[in-house]
Amino acid sequence: VPQANRASERRVANTARATGCAHWQQADAHCTAMCSWERLGLTCDTGSDDSDSEFAQRHSHAAVCVGSAVWIYGGFHGGALSDQLLELWPRDWSWRRRYAPGPPATVLHTMVSCLDQVILFGGLVQSEASSMATNQLWLLDTTQCAWSLPATQGEPPSARVGHAAAVASSQPDGAALMYVYGGDAP
């Protein structure tokens, strides 16, 4: 893991203090072989007020690894719910904003990976009059950068926010199981 860029870290810390949020652009890595943590020096344009900046403050989003990339979706961004899809490449800490029609702006949702797909479930979405919990399940094919809303069978989980999700290893028939647990139905 590369050493943190101290100047960038100071700019981030100063901006975070000014906005009242201490961790909005902080990233850390844990090395399992050494059981150690290291602060990562991600660079960002902290002087920008552009609400479309990939590096603006963000919280209540979801992130998942697919291969060597980290995919990030949604969250609160610039004081509003976000529908931004971001891809981070840790080998050189480069960011890419990806554009693909898909889920509405979402916060407090979960994402898990299965092969080359990201599965997004639940969260809080904005309707015309207010925010509401959802139980929608979206699939992102990362090779095509395309979202789909698949037809599902059986009784879906209730609409929820702040839950946890995990994928079990593939079953003998090639299927995988996604588990959804807990959360709240505001």
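Just so we're clear, the structure is a prediction, and the values are computed from it rather than from any experiment.
Linking ILVMFWY side-chain heavy atoms closer than 4.5 Å, directly or via other members, places Val167 and Phe121 in a single hydrophobic cluster. Note on Val118: it does not cluster hydrophobically with Leu86, by side-chain heavy-atom contacts below 4.5 Å among ILVMFWY residues. The same ILVMFWY cluster, assembled from side-chain heavy atoms under 4.5 Å apart, contains both Leu149 and Leu85. Note on Trp71: it clusters hydrophobically with Trp138, by side-chain heavy-atom contacts below 4.5 Å among ILVMFWY residues.
Annotation for His163 and Tyr181: closest pair CB-O, 3.4 Å, computed over non-hydrogen atoms. Residues Pro90 and Val70 share a closest heavy-atom pair of CG-CG2, 4.1 Å. What you find for Pro104 and Val125 is that their closest heavy atoms are CG-CG1, 3.6 Å. Closest approach of Ala100 to Cys145, counting heavy atoms only: CB-O, 3.2 Å. Between Gln117 and Val66, the shortest heavy-atom distance links the atoms O-CG2, 4.4 Å. Looking at every heavy atom in both residues, Gly74 comes nearest to His61 through O-CB, 3.3 Å.
Atom OG1 of Thr106 is separated from atom CD of Gln136 by 8.0 Å, given to the nearest 0.5 angstrom. Residue Ile72 holds its CD1 atom at 7.5 Å from CE of Met111, rounded to the nearest 0.5 Å. Atom CZ of Arg91 is separated from atom OG of Ser68 by 6.5 Å, given to the nearest 0.5 angstrom. With values rounded to the nearest 0.5 angstrom, Thr134 atom OG1 is found 9.5 Å from Leu124 atom CG. The CG atom of Leu140 sits 8.5 Å away from atom OG of Ser148, with the distance rounded to the nearest 0.5 Å. Here the CG-OG1 distance, from Leu115 to Thr142, works out to 9.5 Å after rounding to the nearest 0.5 Å.
For Ser60 (side chain) and Leu108 (main-chain N/O), no donor-acceptor pair under 3.5 Å exists by modelled atom type. Ser82 places no side-chain N or O within 3.5 Å of a backbone atom of Gly75 that could act as its donor or acceptor partner.
By the side chain to side chain contact (heavy atoms under 4.5 Å, CB included) test, Ala146 pairs with Gln144, sequence neighbours left out. Every residue two or more places apart in sequence or in another chain that forms a side chain to side chain contact (heavy atoms under 4.5 Å, CB included) with Ser130 is listed here: Ser127. Annotation: side chain to side chain contact (heavy atoms under 4.5 Å, CB included) contacts of Gln126 (sequence neighbours excluded): Leu81, Ser131. Every residue two or more places apart in sequence or in another chain that forms a ring pair (Phe, Tyr, Trp, His ring centres under 6.0 Å) with Trp147 is listed here: Tyr73.
Pairs of residues two or more places apart, or lying in two chains, never qualify as salt bridge (Lys or Arg N to Asp or Glu O under 4.0 Å) while including a residue from residues 132-161. Sorted pairs that involve residues 174-186 and meet salt bridge (Lys or Arg N to Asp or Glu O under 4.0 Å), not counting sequence neighbours, are lacking altogether.
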